[in-house]
Protein chains: 2
Amino acid sequence: MDNLTKSRHIVGTAATLKPPAYQCNVTFMGLLTARSAKQGIRAVAKRAGVSTASVSRAINNPESVSASLRARIAQAIEAVGYIPHAPARILSSRRSRTLGAIVPTIDNTMFARGIASLQKYLSSVGYMLFLTTSGYDLDIELQQARNLVSRGVDGLVLRGDCHHDALRKMLADNAVPFINVGIYQPDRPYPCVGTDNEAAAHRAAAHVIELGHRRIGIVSALQRNNDRASARVAGFRRALAEADIELPSKWHVEVPYTLDDAREAARYLLSLGERPTAVVCGNDVIAYGVLLEAERSGYSVPRELSVVGFDDLDWSRHLRPSLTTIHVPTAETWQRAGEYLVRHLAGEQTIMHHEVDYSLVVRESTALPSRSPK
Amino acid sequence: MDNLTKSRHIVGTAATLKPPAYQCNVTFMGLLTARSAKQGIRAVAKRAGVSTASVSRAINNPESVSASLRARIAQAIEAVGYIPHAPARILSSRRSRTLGAIVPTIDNTMFARGIASLQKYLSSVGYMLFLTTSGYDLDIELQQARNLVSRGVDGLVLRGDCHHDALRKMLADNAVPFINVGIYQPDRPYPCVGTDNEAAAHRAAAHVIELGHRRIGIVSALQRNNDRASARVAGFRRALAEADIELPSKWHVEVPYTLDDAREAARYLLSLGERPTAVVCGNDVIAYGVLLEAERSGYSVPRELSVVGFDDLDWSRHLRPSLTTIHVPTAETWQRAGEYLVRHLAGEQTIMHHEVDYSLVVRESTALPSRSPK
DNA sequence: CGCTTTTCTGAAAACGGTTACATCCTATCC
DNA sequence: GGATAGGATGTAACCGTTTTCAGAAAAGCG
């Protein structure tokens, strides 16, 4: 307390005056209510002249209490400024109405959108969300999951099906339901909701093949610990294989999730003597990198190089040339993940494997291959 | 509800078969360990042949317990697969080692980056983060704050100083410390960390003025409930005023945070008979919109139109022409907010108003005004 | 070797809710 | 009118930790 006051860094004269006042204020008010507001529910009960049980009932199950009592209690709650203590509630009821989510990183538009959608849905049904990140590290993911379970989450939303074995065991041991989002794997014994990345990637590659391209490069995201990236690569390769197109190993590059890395990969690809006439990319950000680098190097897209993305971020339709890509309804996917868990927790029937449709959006970045490829 | 079930898309026979098996499995394992793992700490205590108090001490304050006991307990914890129950811990210790954060939206690169940084820092010091969103709505922010306080957070990170009055009172009443991030207001009695948006905006506008522009437009973010946006506008206007430059009211437009809106605003601005030779923007996304629309309309940037952004997002240096903008160290800012609260909670000395430096990054989108403005 | 510190450990009372169970009413029905 | 069902409320035992306090053991000391 005291040292705090001293320590405040004070800038300007106005500031020199105000902070102490604030300090005082806070401390005073804190103490003031500390006395009255402690023992939360009992204070309310006393004020309303009822038992704590009634207050609890009035809050959690208003129907179960007479209208007059309900009103009296509501007024007492207001008067005391009562805020229920969630941890106590969780402890005694063994339910938290909270879900946990672990994403590789929040710093990726797709995940940010998904999380936003999930959170919005959850709050609409009275749930909260505990969000953590793993940085594509399975051990960290496990640790975060432990953390969340320890926190008492009722269920867990995970990205993909690429997890530490101990994670699944731990969740089973603690009877915490979970769902893998962003992938679709009907043959696995775990709930999931998402698009079939392999099929969608296949569609993307098929598109450029249909246009007549035979020299096709792949720039994918890092496949390590990323089943979504792997599935997409698998889809690309299957499409090529089915069309009897060979993929020189130097035409397949993997890059991290930044524009700079993508540009570097594109620079490499475009510098090859023997270069592809089309590039399919593991995600839109990578595609942007390819587009930018192609422009910088003086190659015309799509005349000399066709580019396909995957995700359909905002920029894709604004860019010039706009990007042909796979549209994935991220918001819907994540919301459905929430729905699954909420319904599951409510004891309702749920469907374990839910496929979300993708679609190929053809824009300006793809075209027939030029007559005379270098 | 029902229509949801109907709408579910089931593909393949595997899906039809597996779910029941899984259901069984989970339930079984759940019950199995439910018996052995319950009563967490007592199970550990019994197994190690010690009291619950010792186990608790071994976990929270390892030094306070003899080495042999510590080892025995560690082994028991491992054997039982014990995961501490955070709510119980919070209830009993009255500390959660958890901070709450309320941002307008997660779906904005700046906030996403900031949150990521804050979360990373917090987890490095053993704290967790509870993240919620307000959608720029003060009432929702208040409600979310209640929620977080109810959850037992030790402190709160808020965006800016534009809050519901009841919010400050509620936090004071409950003695929950907080900090306003993303702004710098040394004359206000509340802790804050961030850049001086007014000064930075002033710098941005001064830049185009120095280049010789006299016909300057402003495209800002919505100022309502957004002190950061307002401060920037104020800075722009002050710079103009100081240079005796008049700002026709039709040259100041406000837009929401999407590329489409920004483009629309730019379209409007460029369609005016009397149009500016430079546009200063409330953030980079808006600037992107102006850039894109200028290109579409055939105006050359920067020859015919100079554009200045604010934030320095990734795209700004990749775009062609690359964007002159104000660089703001978001990650650092949010991390410092976390540091402030953590140190404050630890009773350490803290600095109440912390200014984070901005810088003007001059790139290709600004230049001298052309000789013959229309 | 007895006495005082100090260190380590255990027993039990919180912490702030929920909820099973008991109790007390008040209609309802024969 | 008395028995009874059923709804509204109260009592008190938990939920799984932490933490105070006190006792036991070990260590230091003259």
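Quick note on labels: first sequence line is chain A, next is B, and so on, each numbered from 1. Computed from heavy atoms alone, side chains included, the values below leave out hydrogens, waters and symmetry copies.
Remark: the A:N180 side chain and the A:R188 side chain contain no N/O donor-acceptor pair separated by less than 3.5 Å.
Contact of the A:L167 side chain with the A:L158 side chain is registered, since non-hydrogen atoms from C-beta on lie closer than 4.5 Å. At least one side-chain heavy atom of B:M170 sits less than 4.5 Å from a side-chain heavy atom of A:I83.
Considering only side-chain N and O atoms, A:R89 lies under 4.0 angstrom from the phosphate OP1 or OP2 of C:dT18. Between B:S66 and C:dT9, a side-chain N or O to OP1/OP2 separation shorter than 4.0 Å is present. Proximity of A:S51 to the phosphate of D:dG10: a side-chain N or O atom is located under 4.0 Å from OP1 or OP2. Between B:S54 and C:dG10 there is a side-chain N or O to OP1 or OP2 distance below 4.0 Å.
Map A:R57 and B:E63 each onto its nearest nucleotide of DNA chain C; the residue landing nearer the 5' end is B:E63.
Checked by distance alone, B:S92 brings a side-chain donor or acceptor within 3.5 Å of a matching partner on the base of D:dT17. Contact of A:R94 with D:dG16 (side chain to base): no donor-acceptor pair of N or O atoms is detected under 3.5 Å.
Between the CD1 atom of A:I59 and the C1' atom of C:dG17 there is a distance of 9 Å, given to the nearest Å.
Among D:dT17, D:dT18, C:dG17, the nucleotide with an atom closest to any side-chain atom of B:H85 is D:dT17. Closest to the side chain of A:S93, out of D:dT17, C:dT19, C:dG17, is C:dT19. Ranking C:dT18, C:dT9, C:dG17 by closeness to the A:A88 side chain, first place goes to C:dG17.
Classification of the B:F178-B:Y190 ring pair by plane angle, with boundaries at 30° and 60°, yields tilted.
As judged by a 4.0 angstrom heavy-atom cut-off over every strand, B:V50 is placed among residues touching the sugar-phosphate backbone only. When heavy atoms are screened at a 4.0 angstrom cut-off, A:I90 is found touching no nucleic acid atom at all.
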